[in-house]
2 protein chains.
Amino acid sequence: MEQYSGQLDGIFQALADPTRRAVLARLGAGPASISELAKPFEMALPSFMKHIRFLEGSGLIRTRKQGRVRTCLIEKKQFAAVETWLSEQRALWEGRTDRLERFVAAAQRKGETP
Amino acid sequence: MEQYSGQLDGIFQALADPTRRAVLARLGAGPASISELAKPFEMALPSFMKHIRFLEGSGLIRTRKQGRVRTCLIEKKQFAAVETWLSEQRALWEGRTDRLERFVAAAQRKGETP
DNA sequence: AAGTTACTTAGCCATTGCGCTAAGTGTCGC
DNA sequence: GCGACACTTAGCGCAATGGCTAAGTAACTT
């Protein structure tokens with residue numbers, strides 16, 4: 001629960017970039033190699049790779065290298081963190097004051113998390 | 001539809017910070033003034049204000065000043081953009097079977113299958 | 001063996017993000 | 001009116017982001 005907030009930092013930041021969201025959308029249709037993913041973007045490969053590494057770091061995708069090809073695939077489980085956060089938030093304004101106390105307390109404690 | 005993506009940039013980036021998520025959580029319980037919101041954080045007020053402005057810029061909150069007090073309230077509608085994106089994403093990988101078939105077929109045609 | 005392919009590494013640069021302090025503005029309470 | 005209060009503006013510093021090029025490595029292909 002403590003790393004939950006820190007994970008959300010990375011996840012939301014990963015989602016904050018249109019290139020990365022587009023990659024996720026593409027990977028929703030199935031795994032793909034780096035160069036295949038990069039093709040639609042007018043970006044130098046090293047720049048594109050940074051996005052891939054960022055996505056991987058956030059846990060939203062996994063990658064595996066076989067031979068000279070690195071294949072990326074989406075990590076659906078990680079999206080659950082977003083949904084959880086959303087429904088917590090929704091629960092708050094729908095009047096669940098019991099959860100509110102726990103949630104706000106946890107959120108304030110987060111200041112100590114790296 | 002194009003500003004949808006641009007909006008998501010701002011929304012996700014706003015959500016990428018724990019201070020801002022905590023503010024949203026607090027505002028889920030009802031409107032609050034800047035100083036009331038700032039109280040739990042060990043942050044100088046101008047620093048905190050930047051978070052408020054960021055949240056306001058992303059559309060996740062609205063603020064209104066009466067007298068010397070600025071009151072903030074959550075803009076629930078904006079959260080729908082996140083949900084929409086999430087369900088679009090989910091739709092991609094859940095309606096994936098037909099796309100997957102095409103993907104695999106194409107990969108096999110090119111002899112790229114591992 | 002040599003060339004092509006598919007990344008990788010290692011920089012550089014401009015911009016943005018997130019914190020700070022110091023000083024300013026406009027209200028309110030006495 | 002005068003001070004306290006609630007922001008607000010201005011500017012500084014540092015780290016991270018998002019782009020680039022140039023050059024390197026490892027795995028096929030021929």
Side-chain angles (χ1 to χ4, degrees), chain A residues 5-24 26-27 31-58 60-73 107-108 110-114, chain B residues 5-6 8-24 26-27 31-58 60-73 107 110-114:
Chain A
S5 176
Q7 260 194 24
L8 281 181
D9 288 5
I11 292 172
F12 280 130
Q13 182 127 28
L15 298 179
D17 185 279
T19 300
R20 291 192 291 258
R21 286 198 307 278
V23 167
L24 290 175
R26 166 61 190 82
L27 289 178
S33 70
I34 298 284
S35 44
E36 187 185 343
L37 287 171
K39 214 167 293 172
F41 302 97
E42 292 178 351
M43 192 181 295
L45 196 59
S47 310
F48 184 77
M49 278 297 298
K50 284 192 183 178
H51 290 296
I52 297 295
R53 296 300 187 188
F54 203 129
L55 283 168
E56 196 175 9
S58 74
L60 287 166
I61 70 171
R62 274 186 308 129
T63 81
R64 188 170 110 241
K65 192 161 187 176
Q66 3 181 27
R68 58 184 167 172
V69 176
R70 181 173 296 276
T71 303
C72 308
L73 51 92
Q108 289 174 355
K110 68 81 200 75
E112 303 153 17
T113 315
Chain B
S5 176
L8 281 181
D9 288 5
I11 291 172
F12 281 129
Q13 182 128 26
L15 298 180
D17 185 278
T19 299
R20 292 193 290 259
R21 287 198 306 276
V23 166
L24 290 175
R26 166 60 190 83
L27 289 178
S33 70
I34 299 284
S35 43
E36 187 185 343
L37 288 170
K39 214 166 292 170
F41 301 98
E42 293 178 350
M43 193 182 290
L45 194 59
S47 310
F48 183 77
M49 279 297 298
K50 285 194 183 176
H51 290 296
I52 296 295
R53 297 298 187 188
F54 203 131
L55 283 168
E56 195 176 9
S58 74
L60 288 165
I61 70 170
R62 274 185 307 128
T63 79
R64 189 169 110 239
K65 192 163 185 177
Q66 5 180 26
R68 56 184 167 173
V69 176
R70 181 174 297 274
T71 303
C72 308
L73 51 92
K110 286 185 279 184
E112 288 173 355
T113 313

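Order of the sequence lines fixes the chain letters, A, B, ..., with proteins taken first and strands second; residue numbering starts at 1 for each chain.
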_Between Leu27(A) and Leu37(A), does the side chain to side chain contact (heavy atoms under 4.5 Å, CB included) criterion hold? Intermediate values first, please._
CA-CA 8 Å; Leu27(A) 289 178; Leu37(A) 287 171; 3.8 Å; yes
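- The ring-ring contact (aromatic ring centres under 6.0 Å, His included) test applied to Phe48(A) returns Phe41(A), not counting sequence neighbours.
- Between the C1' atom of dC18(C) and the CG atom of Leu55(B) lies a distance of 14 Å, rounded to the nearest Å.
- Between the P atom of dA27(D) and the CD1 atom of Ile34(A) lies a distance of 16 Å, rounded to the nearest Å.
- The CZ atom of Phe12(B) sits 18 Å away from the C1' atom of dT17(D) (whole-angstrom rounding).
- Heavy atoms only, all atoms of each residue included: Glu36(B) and Pro40(B) are closest at O-CD, 3.7 Å.
- Among residues two or more places apart in sequence or in another chain, the side chain to side chain contact (heavy atoms under 4.5 Å, CB included) test is passed with Pro31(B) by Thr71(B), Leu73(B).
- Across the protein-nucleic acid pair, Arg70(A) atom CZ and dT9(C) atom C1' stand 13 Å apart, rounded to whole Å.
- Looking at residues two or more places apart in sequence or on another chain, you find a salt bridge (Lys or Arg N to Asp or Glu O under 4.0 Å) between Arg53(A) and Glu56(A).
- In this structure, Arg68(A) has no side-chain hydrogen bond (donor to acceptor under 3.5 Å, both in side chains) partners at least two apart in sequence or on a different chain.
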Close N or O pairs between protein and nucleotides 24-26 of chain C (under 3.5 Å):
none

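- Separating the CE atom of Met49(A) from the P atom of dT25(D) is a distance of 17 Å, rounded to the nearest angstrom.
- No more than 12 heavy atoms of other residues, nucleotides or ligands lie within 6.0 Å of CZ in Arg62(A), so this atom counts as exposed by the packing criterion.
- Computed from coordinates, the Asp9(B) CG to dG17(C) P distance equals 11 Å when rounded to whole Å.
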For residues 16-24 of chain A, run the donor-acceptor check on the side chains, cut-off 3.5 Å, and write out each pair with its distance to 0.1 Å, sequence neighbours left out.
from: Asp17(A); atom 1: OD1; to: Thr19(A); atom 2: N; distance (Å): 2.8
from: Asp17(A); atom 1: OD1; to: Thr19(A); atom 2: OG1; distance (Å): 3.4
from: Asp17(A); atom 1: OD1; to: Arg20(A); atom 2: N; distance (Å): 3.3
from: Arg20(A); atom 1: NE; to: Ala14(A); atom 2: O; distance (Å): 2.8
from: Arg20(A); atom 1: NH1; to: His51(A); atom 2: ND1; distance (Å): 3.2
from: Arg20(A); atom 1: NH2; to: Gln13(A); atom 2: O; distance (Å): 3.0
from: Arg21(A); atom 1: NH1; to: Leu15(A); atom 2: O; distance (Å): 2.7
from: Arg21(A); atom 1: NH1; to: Asp9(B); atom 2: OD1; distance (Å): 3.0
from: Arg21(A); atom 1: NH2; to: Ser5(B); atom 2: O; distance (Å): 2.8
from: Arg21(A); atom 1: NH2; to: Ser5(B); atom 2: OG; distance (Å): 2.9
from: Arg21(A); atom 1: NH2; to: Asp9(B); atom 2: OD1; distance (Å): 2.8

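- The two atoms that bring Cys72(A) and Ile34(A) nearest to each other are SG-CD1, 3.7 Å, heavy atoms only.
- Between the CD atom of Gln13(B) and the P atom of dG18(D) there is a distance of 8 Å, rounded to whole Å.
- Here the P atom of nucleotide dG17(C) and the CZ atom of Phe54(B) are 5 Å apart, to the nearest Å.
- Phosphate proximity of dA26(D) to Lys65(A): absent, as no side-chain N or O sits under 4.0 Å from OP1 or OP2.
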Please list, pair by pair, any protein nitrogen or oxygen found under 3.5 Å from a nitrogen or oxygen in nucleotides 19-23 of chain C.
from: dG19(C); atom 1: OP2; to: His51(B); atom 2: NE2; distance (Å): 2.2
from: dG19(C); atom 1: O6; to: Lys50(B); atom 2: NZ; distance (Å): 2.8
from: dC20(C); atom 1: OP2; to: Ala44(B); atom 2: N; distance (Å): 2.7
from: dC20(C); atom 1: OP2; to: Ser47(B); atom 2: OG; distance (Å): 2.7

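- Using a 4.0 Å cut-off, no side-chain N or O of Ser35(B) falls inside it from OP1 or OP2 of dC5(D).
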